[in-house]
Amino acid sequence: MSRPFHAIHSHGFVRVAACTPALAVGDPGFNAAETLALAKQGHAEACDLMLFPELGLSAYAIDDLLLQDALLERVEAEIASLVAASADLAPVLIVGAPVRATGALYNCAVVIARGRILGVTPKSFLPNYREFYENRWFAPGAGLGGLTVRLAGQEAPFGTDLVFEAADLADFSFAAEICEDLWAPAPPSTRAALAGALILCNLSASNIVVGKADDRELLCASQSMRCQAAYLYSAAGPGESTTDLAWDGQASIHELGKRLAETARFPAHAQMAVADIDVERLRLERLRTPTFNNAAVAAGRPEASFRRIRFEHRPAFEDVGLIRPLDRFPFVPSDPARLDQDCYEAFNIQVQGLTQRLRATKSKHIVIGVSGGLDSTHALLVACKAFDALGKPRSDILGFTMPGFATSEGTKSNAWALMKALGVTGAEIDIRPAANQMLGDMGHPFAKGEAVYDVTFENVQAGLRTDYLFRLANHNRALVVGTGDLSELALGWCTYGVGDQMSHYNVNASLAKSLIQHLIRWVVKTGQLEKAASKTLLAILDTEISPELVPADATGAIQSTQAKVGPYELQDFSLFHITRYGLRPSKVAFLAWHAWRDAKAGPWPPNFPEEARHQYDLAEIKAWLKLFLFRFFEISQFKRSAVPNSPKVISGGALSPRGDWRAPSDGTARVWLEELEANVP
């Protein structure tokens, strides 16, 4: 390996901290010492970038003291001391200070690293309303560019046109703005993001009034989402003057709209929020979003006018853990309220899709295969709700259970119990006679009594079931509703053509296997359908996932899908990160290792059974990921290139060639497999 696998820097992460130091009013010496103390703590915690509050070296609420030369001289002296101390510190420091330049005083962000002032960014928009009076002391920085300033004995770039970029750590780029800048209709950080900054930093004072914390949260989240960036926010905390105002020390870190970390409000002491930002993912997200690049063109191509300030960061490439919320199930949030909302939306998207298709085709009936497994069960629930919405009787839903050579009594009885409880028209077609006939016509050894259970043996059964469904649809002027899910499409675990890959409309094609069980639980919990069905639904949830095409072995063990294609929980993890973000296999393995190596660490989705809480070591993760890459990139795309219509349900959860995923059917997995082998031990 060229770089250590367990180091966050090998996988595109940057550790950041949003800091709220203790402060003394108008005492730069005290304030610089507190800033340095936190900087040393950040160094010990392997931070790469540390953000401090607006005017943190002088204090913010000191009014006309900002125009006292003695104070300004002392601030500059303390900047010099911080610059000297930074020579032995790893983190880049962004501190707030009043800075004299071009005959005026500016409210500035001073960027310091390794004994050097990298640059100084002035505040663009000065609030001068209600309690704010900044025009009295400061000149606005809006429009300043291409300048330098002499500060603390160094000549440094000065202006609002600065993007800072590490020369030795890919994608570590950032820019600064100050407090009110974020509240403006067009924040300076927007142009900085369009110029290439991936981390946007806001030094703020921002006094607190009732409800303002929610406003800040909304602004930070939305700016990180809109700019496809990380957004760091640090507000003044303990020690600021309370002559007329109060301060809550709110500091937070957001990435793509999601809050990764925050500090406690109204602290009595210094504190900092720390998180690992996935800057590589941010770059990839912009890469795949033409709107972002079009916006840069519309804004006059800021990348051409901004100055890129490059610096040597000297990353350690050590194993420092991973400080970041990380879902084991990317398709299944662990927060109960969020999971409820996702299930509500997913279920109703499916229902709405099928409802519209039934209206458009004027179909009286639908035909659906009901196996007693998760996928067909959920598709049947969706169908029932769609018929209810249309005011159509559920008896017009034609459900068929089609036992084959390995169908268990348990799944067949569950299928019948479910159809009866839901009031659909149920029927049974035993496919074994037709399968025997076909196998005999082909000269297959099974027809001669030999226990040969090859792919032909399996697909004869899968194909006959689908063939029956389509002919039943012809016979009843109906639509065939497909039941196959996203995970099966990703792995190619479906029979092509006349098989479960095909239908007239597939309601489950955008649902990962790991989500479907939670949707069924949600249907039960929220009373979407009859209580009589609940007992059967819970029994289906407890059933081993199996295609039931091969008879049980001598020990009685049934055919297991996950033993063949891998644990769906791991394969869904890989599917999400590879298709949604385009991550390298080694990075997917790194994330999976952190998410799955310890079953006792981190949250699980609500109601997740204790006995199903698995963990995997790196060797297992690598082995199953290798299989995923081969199946996904090399042998399965031709099946996805011909999928039926289906509604997109989940972000990162669509493989239709008409939508999210377009790829050649004759591709190879070589590049991804080689990257995995080269970079995962």
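Hydrogens, waters and symmetry mates play no part in the numbers below; they use all other heavy atoms, side chains included.
- Aromatic rings of Tyr468 and Phe400 (six-membered ring for Trp) have centroids beyond the 6.0 Å cut-off, not under it.
- Ion pair Glu428/Lys412 flagged as a salt bridge, since at least one NZ, NE, NH1 or NH2 atom sits closer than 4.0 Å to an Asp/Glu carboxylate oxygen.
- In this structure, Lys626 and Lys622 have side chains that are not in contact, with every pair of non-hydrogen atoms separated by 4.5 Å or more.
- Residues Trp661 and Phe632 place their aromatic rings such that the two centres sit under 6.0 Å apart.
- One side chain, Arg521 or Gln517, offers a donor N or O that lies under 3.5 Å from an acceptor on the other.
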Verdict with reasoning, Ile397 to His365, per side chain to side chain contact (heavy atoms under 4.5 Å, CB included): CA-CA 6 Å; Ile397 299 173; His365 298 287; over 6 Å; no
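- Using modelled atom types and a 3.5 Å distance limit, the side chains of Glu675 and Ser586 yield a donor-acceptor pair.
- Tyr568 OH to Asp572 CG: the interatomic distance, rounded to the nearest 0.5 Å, is 8.5 Å.
- With a 4.5 Å cut-off on side-chain heavy atoms, Arg324 and Asp278 count as touching.
- Closest approach of Val643 to Pro657, counting heavy atoms only: CG2-CD, 3.7 Å.
- Closest approach of Ala642 and Tyr496 over heavy atoms only: CB-OH, 3.9 Å.
- A salt bridge is defined here as a Lys NZ or Arg NE, NH1 or NH2 lying under 4.0 Å from an Asp or Glu carboxylate O, and Glu569 with Arg328 fails to meet this definition.
- In this structure, Ile368 and Val480 have side chains that are not in contact, with every pair of non-hydrogen atoms separated by 4.5 Å or more.
- Proximity of the aromatic rings of Phe628 and Phe633 is defined here by a centroid distance below 6.0 angstrom, and this criterion is not met.
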Worked check of side chain to side chain contact (heavy atoms under 4.5 Å, CB included) between Arg597 and Leu618: CA-CA 8 Å; Arg597 61 180 173 169; Leu618 185 57; over 6 Å; no
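- Nearest heavy atoms, Pro644 versus Met502: CG-SD, 3.9 Å.
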Evaluation steps, side chain to side chain contact (heavy atoms under 4.5 Å, CB included), between Gln615 and Trp596: CA-CA 5 Å; Gln615 63 187 41; Trp596 286 98; 5.8 Å; no
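- Judged by distance alone, the side chain of Arg613 and the main-chain N or O of Phe608 form a donor-acceptor pair under 3.5 Å.
- Aromatic pair Phe331/His518: ring centres not closer than 6.0 Å.
- No donor-acceptor pair under 3.5 Å is formed between the side chain of His504 and the backbone N or O of Leu479.
- Side chain of Asn508 to backbone of Thr483: a donor-acceptor contact under 3.5 angstrom is found.
- Note that CZ of Arg357 and OG of Ser646 are 9.5 Å apart. Values are rounded to the nearest 0.5 Å.
- Here the options are Phe590, Trp593, Phe573, the test is side chain to side chain contact (heavy atoms under 4.5 Å, CB included), and the partner is Ile621; only Trp593 passes.
- Formation of a donor-acceptor pair under 3.5 Å by the Gln501 side chain with backbone atoms of Cys494 is not found in this model.
- At a cut-off of 3.5 Å, with distance as the only test, no side-chain donor of Ser395 or Thr425 sits close to an acceptor on the other residue.
- The backbone N or O of Ile323 sits less than 3.5 Å from a side-chain atom of Asp276, completing a donor-acceptor pair.
- Contact check for Leu629 versus Leu673: side-chain heavy atoms found under the 4.5 Å cut-off.
- At a threshold of 4.5 Å between non-hydrogen side-chain atoms, the residues Val565 and Thr561 count as touching.
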Arg631/Leu627 under side chain to side chain contact (heavy atoms under 4.5 Å, CB included): CA gap, chis, key distance, verdict: CA-CA 6 Å; Arg631 294 191 67 96; Leu627 179 67; 4.1 Å; yes
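- A salt bridge does not link Asp598 to Lys600: none of the charged nitrogens lies less than 4.0 Å from a carboxylate oxygen.
- Side chain of Asn506 to main chain of Gly484: a donor-acceptor pair is present (N/O by atom type, distance under 3.5 Å, no hydrogens or angles).
- Residues Val424 and Asp396 fail the side-chain proximity criterion, which asks for heavy atoms closer than 4.5 Å.
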Worked verdict on Thr361 versus Ser363 for side chain to side chain donor-acceptor pair (under 3.5 Å): CA-CA 5 Å; Thr361 58; Ser363 300; 2.8 Å; yes
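- Counting heavy atoms from C-beta on, the side chains of Asp375 and Lys513 come closer than 4.5 Å.
- Two rings, from Phe405 and Phe446, have their centers less than 6.0 Å apart.
- A distance of 6.0 Å separates CG of Leu515 from SG of Cys343, quoted to the nearest 0.5 Å.
- A salt bridge does not link Lys258 with Glu255: none of the charged nitrogens is closer than 4.0 Å to a carboxylate oxygen.
- With a 6.0 Å radius and a threshold of 12 heavy atoms from other residues, nucleotides or ligands, Arg670 has its CZ atom at or below the threshold.
- Gly372 and Thr377 make their closest contact through C-OG1, 4.1 Å (heavy atoms, listed as atom of the first residue, atom of the second, distance).
- In terms of modelled atom types and a separation under 3.5 Å, the side chain of Lys639 and the main chain of Thr495 share no donor-acceptor contact.
- The neighbour count for Lys587 NZ, taken as heavy atoms of other residues, nucleotides or ligands under 6.0 Å away, is above 12.
- In this structure, the separation between CG on Leu489 and CG on Leu491 is 9.5 Å, given to the nearest 0.5 Å.
- Under a 3.5 Å cut-off, the side chain of Thr411 and the backbone N or O of Ser408 do form a donor-acceptor pair.
- When all heavy atoms of Ile366 and Ala383 are compared, the pair lying nearest together is CD1-CB, 3.4 Å.
- With Gln562 contributing its side chain and Pro567 its backbone, the two residues share no donor-acceptor pair below 3.5 Å.
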Residue pair Thr289, Gln228: steps toward the side chain to side chain donor-acceptor pair (under 3.5 Å) verdict: CA-CA 9 Å; Thr289 311; Gln228 297 183 327; 3.1 Å; yes
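- Both the sub-6.0 Å distance and the 45° axial angle are satisfied by Arg281 relative to the ring of Tyr581.
- In terms of heavy-atom proximity, Trp624 sits nearest to Leu570 at CD1-CD1, 3.9 Å.
- Surrounding OH of Tyr344 are at most 12 heavy atoms belonging to other residues, nucleotides or ligands under 6.0 Å away.
- Among residues two or more places apart in sequence or in another chain, the salt bridge (Lys or Arg N to Asp or Glu O under 4.0 Å) test is passed with Arg580 by Glu285.
- Using a 4.0 Å cut-off between a side-chain N of Lys or Arg and a carboxylate O of Asp or Glu, Lys648 and Asp660 qualify as a salt bridge.
- With rounding to the nearest 0.5 angstrom, the CG atom of Leu354 is 10.5 Å from the CZ atom of Arg359.
- In terms of modelled atom types and a separation under 3.5 Å, the side chain of Gln356 and the main chain of Gly353 share no donor-acceptor contact.
- Note that the CD atom of Glu280 and the OG atom of Ser10 stand 10.5 Å from one another [nearest 0.5 Å].
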Worked verdict on His378 versus Gln350 for side chain to side chain donor-acceptor pair (under 3.5 Å): CA-CA 10 Å; His378 184 64; Gln350 291 178 278; 2.8 Å; yes
